[in-house]
Asks: 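Supplied in structure tokens, the structure appears directly below.
Since this is a predicted model, take the numbers as computed values, not measurements. All values below were derived from every heavy atom in this structure, side-chain atoms included, with hydrogens, water molecules and symmetry-related copies excluded.
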Amino acid sequence: MASSLVCSWLMAACMSISCEKDSSISMLSHRSNTTSLSRRRKRAFRKCAFQDFSGIRNLLNSCLVFEPCDSFCKSSSNGVFSSEFLFGDGLGSVPLHHRRRKLPRAARSGEAMAIAVQPAMDGAVKKKPPTRQRRVVVTGMGVETPIGHDPDVFYNNLLEGVSGISEIEAFDCSQFPTKIAGEIKSFLTDGWVAPKLSKRMDRFMLYMLTAGKKALADSGITEEVMNELDKTRCGVLIGSAMGGMKVFNDAIEALRISYRKMNPFCVPFATTNMGSAMLAMDLGWMGPNYSISTACATSNFCILNAANHIIRGEADMMLCGGSDAAIIPIGLGGFVACRALSQRNSDPTKASRPWDTNRDGFVMGEGAGVLLLEELEHAKKRGANIYAEFLGGSFTCDAYHMTEPHPEGTGVILCIEKALAQSGVSREDVNYINAHATSTPAGDLKEYQALVHCFGQNSELRVNSTKSMIGHLLGAAGAVEAVATVQAIRTGWVHPNINLENPENGVDINVLVGPKKEKLDIKIILVWLSWERILQKFLWAFENVKCCAEWDDCLSQPKGKVPWDENLVFPPGLLLYISSSP
């Protein structure tokens, strides 16, 4: 009570002095015409304000970080209130409402402001000693895709050139000009999601929950390990571009009959953040929890921000990635209305064909990809199998058009250059790029031109697109392709570009990966590291996201026993994937 009252008077003093230039009326200079009222106010102030001067002094030192006035300390030690605390005039305990008449304005304002704003030397926050930046590693992966529900199955199918594009079976699309998509045909939640929730949730949430739990299982997080985790330092950041479109659409249809027919969970289950929330509640993780929705760049934004939470010391483990399930009438119809989709219905597996002259639009896909990011020392302590080390990334925006790329590719080029500058890696070191390449007439070519502008001098450069086989997974694309790149680094094989039969004019076929998987040479750089490649990964939608990756040659080491050099300095600004086993 005493602290609160003194703070109020201190604020009032400062406010009145600062306002005197504009007004001759001051709150502290106001004189009451009622003498008895003035005496009662003064007695009440003395009674409340001076029961504990030490508390007031502590308030000034720690909470407000102001330096206490010497004269105030003297008067408070004698147990007598002095207006010197507010004005420093040395006039003892003269009543406050008489003080203003006996002081020049400069003296009053100078002393009052000195008390209000001068920082305390002893109470100033000391700088923390320099510490090494916390390092972030990838220890688990989980996917739900049209060609596999396990990272190994998924990537093996990519290497074999298996297409997941087929006719849509989830609903009758006979009235639509596009009747094909990268649809997940068989999907089971048994053992991953409670049956009751499985019936109520939108598929984007189900994909997210299953992929997230599979990433935990892949990282060796058993029930026993889970019980030992500090769950206040474990978070979830998995985003979605489209959210629960089916749940919301079903609610609209129910509303046509009556609001009583609506699913009571239609609103929360339609929001993009609810998947992360449900997963966190299921796991009991109390760390950072939210979602990011930035169209096709959603997953990479989530991955980069999740890593930053660990780097800043706000978490030790983060599940991150993206999920989308928009293959429903309203989702298909919306993209058809944009004239963005392929209409090659007679030959679905040939529909997605990045950089080919006969491409006629992208193919919708669905699914989820989740990575488990973990602080390095935390991962080592529990003996985790480390797939990769994260070092950073870069964001830019075309600032040009909602869907069309900039004619000169300035956003992509800027993004790449910023990431390379931060990493200290030369352009000549980049020899593998997993591109965004959605099979759209404008986007593919402009992206290719930007890549050649940055890396065209490298004769070893190889470029491919995962979307040629699974379509465009929208908000999940970045995370699913991140899993594919980790697998490429672990195996040393890059997957083919299928359907590239007639390359676009101006596209060098020697730069693009052919119809069969290819193996790249490994470059030895350090004793324990052989850096096979820097993988440039970005998503080109409304924003561009840039990450990089490299491979660690530890094939002779036992699984999970990577020989870490504590003094090893990795170039900043990269997403560095380090494989601990073949």
Side-chain angles (χ1 to χ4, degrees), residues 146 163-183 240-243 245-246 248-249 293-298 324-367 397-409 411-412 435-450 465-477 498-507 539-544:
S163 175
I165 311 302
S166 61
E167 293 184 2
I168 296 174
E169 299 177 1
F171 60 93
D172 181 12
C173 57
S174 58
Q175 302 302 314
F176 292 90
T178 294
K179 302 174 177 62
I180 58 176
E183 190 178 43
S240 175
M242 311 299 286
M245 294 186 68
K246 187 176 187 307
F248 201 75
N249 183 75
S293 183
T294 50
C296 312
T298 293
D324 259 320
I327 305 178
I328 60 174
I330 190 173
L332 181 67
F335 284 111
V336 165
C338 294
R339 300 181 180 180
L341 298 183
S342 170
Q343 298 182 19
R344 192 184 291 265
N345 301 310
S346 60
D347 195 357
T349 61
K350 299 286 187 179
S352 185
R353 43 198 316 116
W355 300 297
D356 190 83
T357 54
N358 295 319
R359 66 190 185 278
D360 64 335
F362 78 87
V363 179
M364 290 182 66
E366 63 179 353
C397 177
D398 269 358
Y400 175 74
H401 189 270
M402 284 195 299
T403 57
E404 292 295 320
H406 194 284
E408 299 176 1
V412 179
H436 183 48
T438 61
S439 186
T440 55
D444 290 5
L445 185 58
K446 295 302 180 182
E447 176 186 5
Y448 172 83
Q449 292 171 348
S465 172
T466 305
K467 294 181 181 67
S468 64
M469 286 171 272
I470 64 174
H472 191 349
L473 272 60
L474 307 177
I498 68 171
N499 304 326
L500 184 57
E501 299 168 353
N502 300 297
E504 176 81 26
N505 292 333
V507 174
L539 298 181
W540 191 357
F542 306 127
E543 297 86 5
N544 303 303

Asks: Is the CZ atom of Phe248 crowded by more than 12 outside heavy atoms at less than 6.0 Å?
Replies: no

Asks: Hey, could you give me the CD1/CZ distance between Ile330 and Phe335, rounded to the nearest 0.5 Å?
Replies: 11.5 Å

Asks: Looking at every heavy atom in both Gly506 and Tyr448, which two are closest together, and how far apart are they?
Replies: O-CE2, 3.3 Å

Asks: What's the shortest heavy-atom distance between Gly367 and Ala476, and which atoms?
Replies: O-CB, 3.3 Å

Asks: So, Glu167 side chain and Pro348 main chain: donor-acceptor pair closer than 3.5 Å or not?
Replies: no

Asks: Taking salt bridge (Lys or Arg N to Asp or Glu O under 4.0 Å) as the cut-off, I'd like each qualifying pair that reaches into residues 324-345, sequence neighbours left out, listed once.
Replies: none

Asks: Locate the shortest heavy-atom distance separating Pro354 from Asp444; write the atom from each residue and the value.
Replies: CA-OD2, 3.2 Å

Asks: Could you tell me whether the side chain of Arg359 and the main chain of Thr440 form a donor-acceptor pair under 3.5 Å?
Replies: yes

Asks: Please round to the nearest 0.5 Å and tell me the distance separating atom NE2 of His472 and atom OG of Ser465.
Replies: 9.5 Å

Asks: Starting at CH2 of Trp355, measure out to CD of Glu447 and round the result to the nearest 0.5 Å.
Replies: 6.0 Å

Asks: With the side chain counted from C-beta on, respond yes when Leu500 and Ser468 share a heavy-atom pair under 4.5 Å apart, and no when they do not.
Replies: no

Asks: Taking Asn345 for the side chain and Lys179 for the main chain, is one N or O donor matched with an acceptor at less than 3.5 Å?
Replies: yes

Asks: Answer yes or no: is there a donor N or O on one side and an acceptor on the other, between the side chain of Asp398 and the main chain of Tyr400, under 3.5 Å?
Replies: no

Asks: Got a second to check how far Ser166's OG is from Ile180's CD1, nearest 0.5 Å?
Replies: 9.0 Å

Asks: Quick one: does any side-chain atom of Glu366 pair with a main-chain N or O of Glu183 as donor and acceptor, under 3.5 Å?
Replies: no

Asks: Where do Ala442 and Glu404 come nearest, in terms of heavy atoms and distance?
Replies: CB-OE1, 3.4 Å

Asks: Would you check if the side chain of Thr357 reaches a backbone N or O of Glu504 as a donor-acceptor pair within less than 3.5 Å?
Replies: no

Asks: Do you know the tightest heavy-atom contact between Ile327 and Ala181?
Replies: CD1-CB, 3.7 Å

Asks: Is the backbone of Asp356 close enough, under 3.5 Å, to the side chain of Asn499 for a donor and an acceptor to pair up by distance?
Replies: no

Asks: Please report the interatomic distance CD1(Ile168) to SG(Cys173), rounded to the nearest 0.5 Å.
Replies: 4.5 Å

Asks: What is the distance from atom CE of Met469 to atom OG1 of Thr349, rounded to the nearest 0.5 Å?
Replies: 12.0 Å

Asks: Within a 6.0 Å radius of atom CD on Glu408, are there more than 12 heavy atoms belonging to other residues, nucleotides or ligands?
Replies: no

Asks: Does the side chain to side chain contact (heavy atoms under 4.5 Å, CB included) test come out yes or no for Glu501 and Lys350, once each step is laid out?
Replies: CA-CA 10 Å; Glu501 299 168 353; Lys350 299 286 187 179; 3.5 Å; yes

Asks: In the structure I gave you, are the side-chain heavy atoms of Leu332 and Phe171 within less than 4.5 Å of one another anywhere?
Replies: yes

Asks: Run through Thr438, Val363, Leu473 and flag the one making a side-chain contact (heavy atoms from CB on, under 4.5 Å) with Lys467.
Replies: Thr438

Asks: What are the two closest non-hydrogen atoms of Gly409 and Ala450, and how far apart are they?
Replies: O-CB, 4.2 Å

Asks: Would a distance-only check, ignoring hydrogens and angles, find a side-chain to backbone donor-acceptor pair under 3.5 Å from Asp360 to Ser342?
Replies: no

Asks: So does Arg353 get a backbone contact from the side chain of Ser439, meaning a donor-acceptor N/O pair under 3.5 Å?
Replies: yes

